[in-house]
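Just so you know, these numbers come straight off a predicted model, no measurement behind them. Residue numbers start from 1 in every chain, and the chains themselves are labelled A, B, ... in the order their sequence lines are given, proteins ahead of strands.
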Amino acid sequence: MNTRDVASIRRRLLAWFRKNARPLPWRATRDPYRIWISEVMLQQTQVAAVIPYFKRFLKHFPTLPKLAQADEQMVLRLWEGLGYYRRARDLCRAARLLRNNKYRTIPDDPEVVRTLPGFGRYTTNAVLSQAYDRRLPIVEANSRRVLCRLFGIERLPRDAELWQLAESLLPQRSVGDFNQAMMELGALVCTATNPHCESCPIAVHCRGRRMGRQDHIPVRAPSAEVCLVDEVAVIVQRDDRLLIVQRPDAGRWARMWEFPHHVRAPGESVLDSVQRLLTSLGLEGTVGDEIATIRHRVTRFQITMVCVQVHHPRGSAQAGTYANLTWVRPQDLHAYPLSTPQRRLARRLHADD
DNA sequence: AAAGCGGGGGG
DNA sequence: CCCCCAGCTTT
């Protein structure tokens, strides 16, 4: 792309956006706080799903100070159904960090913003370009597709390459609109399947289109295979609930799954109950021998270790399998009522490695 | 650099 | 069923 092409792309895209932009709620403002909330909700989440959540969230927490003093449980409740709940926790953490450092809103400083939890390169640049017209590029699902087709990249693109291309297109002003225009084009015209090249404002500059390869760009990374993994699972019982602590990788406790709806039937053995649980989750696997059982008088927990061999879901192949489960990160275990025996057990098993 | 996080929507 | 979606964090 030479300088003239780039200038033409900027002009055409901005003109197209001003005529065709959807009237989304977060576009009615340049309030950095609102833009921030929208950007976080939109991470890995489609626009249509976000709109009602965004409106409701802003009714409860209209400003940064309100969010900074919010109860995290309340924020999480408002987040229910959006997924990736760490986003909500990070939202609270970042709001409080800003307040504690005497910021009354998101500062116009990428170096500062980038250090806040939940602010990666994309979110930092998206918020600052839209709120303050900072000249910062963005790369996400939509603009990635646009860039790959526009530049005719017929191989797996490298991230650094895409960021560089995105920056090369940025105008001097209206940067926020331009970034949004790239995304809007990807959402409305340069779609993943059946792109509408006939109505694309920059089709004349599109190498992918010129090569007739738009349907084969961008190329996808091969999806990971489902492979067999030997695992050790720990079953924690309390009353009629089960909690499984699983160790997918040797020497590292990666996750803890709670199954609030799984009830061990009267008289049913733990091993049978776990087998039934695996089946009900659609996981193919077999429950092997019981390794050990530990009873905690104080906590009323009984912990059973069993060998479980599971056909382990890799990549996104089994996304959704664990719906309705509560996910707890190991570093968050201290906040969880069942953490003490779990960690004790983790240390014991770890010592055996 | 690669894997994991979650839920919904569409083909 | 599979792919895709306004990514971030950790290893």
Side-chain angles (χ1 to χ4, degrees), chain A residues 21-22 24-27 35-54 76 79-91 93-94 113-127 129-130 137-146 156-163 166 176 179-188 190-195 218-227 229 246 248-257 281-282 312-332:
Chain A
R22 292 169 290 179
L24 304 176
W26 47 89
R27 285 186 176 156
I35 292 170
W36 171 37
I37 302 300
S38 76
E39 288 301 341
V40 172
M41 285 187 173
L42 285 161
Q43 289 167 9
Q44 296 293 284
T45 311
Q46 294 182 1
V47 168
V50 164
I51 291 173
Y53 282 91
F54 177 80
L76 283 168
W79 207 266
E80 238 167 34
L82 274 180
Y84 286 110
Y85 296 93
R86 201 175 71 186
R87 293 184 294 177
R89 298 180 200 277
D90 286 348
L91 224 45
R93 288 175 55 205
V113 173
R114 184 68 173 78
T115 66
L116 294 167
F119 279 87
R121 189 171 180 183
Y122 166 80
T123 303
T124 300
N125 292 3
V127 171
S129 66
Q130 288 178 49
I138 54 105
V139 173
E140 44 69 67
N142 288 304
S143 65
R144 174 187 308 273
R145 189 168 53 247
V146 172
L156 222 58
R158 296 193 175 283
D159 273 359
E161 175 183 15
L162 293 174
W163 282 98
N179 283 339
Q180 287 193 79
M182 290 286 283
M183 297 189 275
E184 196 77 343
L185 189 74
L188 300 181
C190 196
T191 47
T193 59
N194 300 322
V219 306
R220 293 196 317 271
S223 60
E225 293 190 14
V226 175
C227 54
V229 182
Q246 191 186 23
D249 305 311
R252 188 166 58 247
W253 290 85
R255 61 178 64 141
M256 186 162 77
W257 300 339
L281 288 171
H312 200 69
R314 293 285 183 181
S316 61
Q318 293 291 327
T321 300
Y322 311 114
N324 304 321
L325 305 186
T326 302
W327 292 78
V328 182
R329 295 188 304 168
Q331 57 265 47
D332 293 333

* Structure fact -> Ranking Ala49(A) and Thr193(A) by the position along DNA chain B of their nearest nucleotide, the one closer to 5' is Ala49(A)
* Starting from C1' on dC5(C), measure out to CG on Asn142(A) and report it in whole angstrom. => 8 Å
* Under 3.5 Å, is there a donor-acceptor pair between the side chain of Arg87(A) and the main chain of Met41(A)? -> yes
* Asked: What is the distance from CG of Leu42(A) to P of dC4(C), rounded to the nearest Å?
  -> 19 Å
* Using Watson-Crick and G-U wobble pairs whose two distances are both under 3.5 Å, how do you write the pairing of DNA chain B as dot-bracket, with | for links to another strand? -> |||||.|||||
* Structure fact -> When rounded to whole Å, the CE to C1' distance for the pair Met41(A) and dC5(C) reads 16 Å
* Asked: Can you tell me how far P of dC5(C) sits from CG of Leu82(A), to the nearest Å?
  -> 18 Å
* Considering the options Ile37(A), Val40(A), Val47(A), which one meets the side chain to side chain contact (heavy atoms under 4.5 Å, CB included) requirement together with Phe54(A)? -> Ile37(A)
* Asked: To the nearest 0.5 Å, how far apart are CZ in Arg89(A) and CH2 in Trp79(A)?
  -> 12.0 Å
* **Pair Asp90(A) + Arg93(A): basic N to acidic O under 4.0 Å** => yes
* On a whole-Å scale, what distance lies between the P atoms belonging to dT11(C) and dG6(B)? -> 15 Å
* Would you mind reading off the distance between Trp26(A) atom CH2 and dA6(C) atom C1', rounded to a whole angstrom? => 8 Å
* Rounded distance in Å between the P positions of dA6(C) and dA3(B) -> 23 Å
* To do: Pick base, sugar-phosphate or nothing for Glu140(A), based on heavy-atom distances below 4.0 Å to the nucleic acid.
  => sugar-phosphate
* **Along DNA chain C (nearest heavy atom to each residue), the more 5'-positioned of Leu116(A) and Glu39(A)** => Glu39(A)
* **Contact nearer the 5' end of DNA chain B, comparing Arg158(A) with Thr45(A)** => Arg158(A)
* Are more than 12 heavy atoms from other residues, nucleotides or ligands located less than 6.0 Å from atom CZ of Arg22(A)? -> yes
* Look at the side chain of Thr124(A) and the backbone N and O of Arg121(A), then say whether any donor-acceptor pair between them is shorter than 3.5 Å. => no
* 5' priority, DNA chain C, between Pro117(A) and Gln46(A) [closest heavy atom] -> Gln46(A)
* Remember a base hit wins even if backbone is also touched, and classify Ala126(A) as base, sugar-phosphate or nothing at under 4.0 Å, heavy atoms. => nothing
* Asked: Looking across every strand, which nucleic acid part, if any, lies under 4.0 Å from Arg27(A) by heavy atom: base, sugar-phosphate, or nothing?
  -> base
* Hey, does Arg87(A) reach any base, or is it just sugar-phosphate, or nothing, if we go heavy atoms under 4.0 Å? -> nothing
* Between dG7(C) atom P and Phe119(A) atom CZ, what is the distance in whole Å? -> 15 Å
* According to a strict under-4.0 Å criterion, is Thr123(A) in side-chain N/O contact with OP1 or OP2 of dC8(C)? -> yes
* **Nearest-Å distance for atom pair CZ/C1', residues Arg93(A) and dC8(C)** => 12 Å
* Between Tyr122(A) and Glu39(A), does any side-chain donor sit less than 3.5 Å from a side-chain acceptor? -> yes
* Asked: CH2 of Trp163(A) versus C1' of dA6(C): gap in Å, rounded?
  -> 11 Å
* Structure fact -> Looking only at dT9(C), dG7(C), dC4(C), the nucleotide nearest the Ala141(A) side chain is dG7(C)
* **Separation between CZ of Arg145(A) and CE of Met183(A), rounded to the nearest 0.5 Å** => 12.5 Å
* Between Arg145(A) and dC4(C), does any side-chain N or O lie under 4.0 Å from OP1 or OP2? -> no
